[in-house]
There are 2 protein chains.
Amino acid sequence: MNIGEASTHSGLPAKTIRYYEDIGLIKPLRDANGYRAFRQQDVHKLAFLSQARALGFSIEDCRNLLALYEDQSRSSADVKAIAREHLGQIETKIADLRDMQETLSHLIDACAGDHRPDCPILNSLGKPRIKP
Amino acid sequence: MNIGEASTHSGLPAKTIRYYEDIGLIKPLRDANGYRAFRQQDVHKLAFLSQARALGFSIEDCRNLLALYEDQSRSSADVKAIAREHLGQIETKIADLRDMQETLSHLIDACAGDHRPDCPILNSLGKPRIKP
DNA sequence: CCTTGACCTTCCATTTGCTGGAACCCCTAT
DNA sequence: ATAGGGGTTCCAGCAAATGGAAGGTCAAGG
């Protein structure tokens with residue numbers, strides 16, 4: 001299977017697949033003409049990567065998860081630990097974004113949004129808050 | 001005022017301040033010895049940038065906001081438009097993260113997390129979903 | 001006067017995860 | 001033979017800093 005087909009099957013752009021090979025996440029074979037030859041297992045791994053990246057796992061996380069994925073004797077606890085760590089990061093990020101969202105929407109509500117120059121958004125940004 | 005003091009007052013690392021000068025967000029004066037000399041207005045801008053970045057505005061957004069901040073005759077509508085656009089992006093990001101959070105926490109709940117190899121997390125990642 | 005240490009300077013490399021483009025090879029169909 | 005649609009490599013660059021090397025400056029203390 002050529003890279004184009006692998007791309008269709010995994011949902012990853014060809015460029016990204018080449019990049020993943022570059023950084024050693026996959027190791028497709030090569031045809032006589034130099035074209036990459038993807039086996040089923042390669043496509044499977046690519047789909048795995050696509051999923052894991054979509055869930056926000058970092059490349060390094062993916063590398064670890066792939067290793068566990070391939071290790072028949074891994075314990076599910078190892079995987080769960082990685083996933084939980086990542087879930088924690090996601091939750092932190094959500095909380096941060098929610099803070100931003102709240103502050104920003106208050107500011108937007110307070111701003112007339114007309115032709116006049118007075119703007120609570122800029123006023124507020126101009127006045128540095130006290131940091132704890 | 002030297003960069004160290006400007007850093008303390010604005011809450012930005014010195015490295016970041018130099019970087020902001022590099023990309024033209026601020027233009028501090030220079031002392032005879034080559035040290036950057038920050039005026040009150042520079043520190044003020046830095047604090048502004050610090051705030052805006054903390055709210056997740058991109059550097060380019062910051063550049064625009066700064067220009068508006070300095071323009072006495074801007075209309076608040078211009079600022080509001082940028083802020084609203086950004087708020088939309090934040091909300092999208094929150095929604096995305098929430099999807100991840102939900103999927104991931106379901107998977108984590110389903111995973112025994114013991115010494116056995118069977119792991120719903122890896123199983124699920126291995127099976128590519130149908131994309132719409 | 002000299003040294004020590006805290007500052008400051010510039011410049012270059014690295015990070016993360018790709019993405020774009022140039023220049024070139026390969027295969028099939030017309 | 002040539003046009004197209006694959007494929008290949010390598011090099012550059014994006015955001016937004018951060019880290020480190022190599023060196024200049026300044027004030028204080030011995």
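By convention in this document, chain letters (A, B, ...) are assigned in the order of the sequence lines, proteins followed by strands, and residues within each chain are numbered from 1. What you see is a predicted model; the values in this text were computed from it and never measured. Only this structure's heavy atoms are used, side chains among them; waters, hydrogens and symmetry mates stay out.
- Residues B:Ile82 and B:Asp78 have side chains not in contact (no heavy-atom distance under 4.5 Å, counting atoms from C-beta outward).
- Here B:Arg36 does not reach the OP1 or OP2 of D:dT25: none of its side-chain N or O atoms lies under 4.0 Å away.
- Counting atom types as modelled, A:Lys15 pairs a side-chain N or O with a base atom of C:dG21 as donor and acceptor under 3.5 Å.
- When the side-chain nitrogen and oxygen atoms of B:Arg53 are compared with OP1 and OP2 of D:dA17, one or more of them lie within a distance under 4.0 Å.
- Taking a cutoff of 4.0 Å between a charged side-chain nitrogen and a carboxylate oxygen, B:Asp42 and B:Arg39 qualify as a salt bridge.
- A:Ile3 places its CD1 atom 13 Å from the P atom of C:dT19, with the value rounded to the nearest Å.
- As a whole-Å value, the separation of B:Asp31 CG from C:dC8 P is 11 Å.
- Between B:Thr16 and D:dT18 there is a side-chain polar atom (N or O) within less than 4.0 angstrom of OP1 or OP2.
- Remark: C1' of C:dC8 and OH of B:Tyr35 are 4 Å apart, rounded to the nearest angstrom.
- Comparing C:dG17, D:dA16, D:dG7 by their closest approach to the side chain of B:Tyr19 singles out D:dA16.
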For a side chain to side chain contact (heavy atoms under 4.5 Å, CB included) check, start with the C-alpha distance between B:Arg98 and B:Ile94, then their side-chain angles and the critical distance, and finish with the verdict. CA-CA 6 Å; B:Arg98 271 226 264 259; B:Ile94 290 175; 4.2 Å; yes
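- Rounded to an integer number of Å, the gap from CD1 of B:Ile17 to C1' of C:dC7 is 14 Å.
- Counting to the nearest Å, the C1' atom of D:dA15 and the CG atom of B:Asp61 are 13 Å from each other.
- Atom P of nucleotide C:dC7 and atom CG of B:Asn33 are separated by 15 Å, given to the nearest angstrom.
- The distance between atom CG of A:Asp22 and atom P of D:dC11, rounded to the nearest whole Å, is 12 Å.
- Mapping A:Ser58 and B:Glu21 onto DNA chain C by nearest heavy atom places B:Glu21 closer to the 5' end of the strand.
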Kindly determine whether A:Phe48 and A:Leu65 satisfy side chain to side chain contact (heavy atoms under 4.5 Å, CB included), including the steps that lead there. CA-CA 9 Å; A:Phe48 182 102; A:Leu65 288 171; 3.9 Å; yes
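- Using a 4.0 Å cut-off, no side-chain N or O of B:Arg63 falls inside it from OP1 or OP2 of D:dA15.
- With C:dT9, D:dA17, D:dT9 as the choices, the nucleotide that has an atom nearest any side-chain atom of A:Arg18 turns out to be D:dT9.
- Side-chain contact between A:Lys93 and A:Gln89 is absent, with no heavy-atom pair separated by less than 4.5 Å.
- Side chain A:Tyr20 to base C:dG17: no donor-acceptor pair is found below 3.5 Å.
- Side-chain proximity of B:Ile59 to D:dA17, D:dT9, C:dT9: nearest is D:dA17.
- Atom CG of A:Asn2 is separated from atom P of C:dC25 by 19 Å (rounded to the nearest Å).
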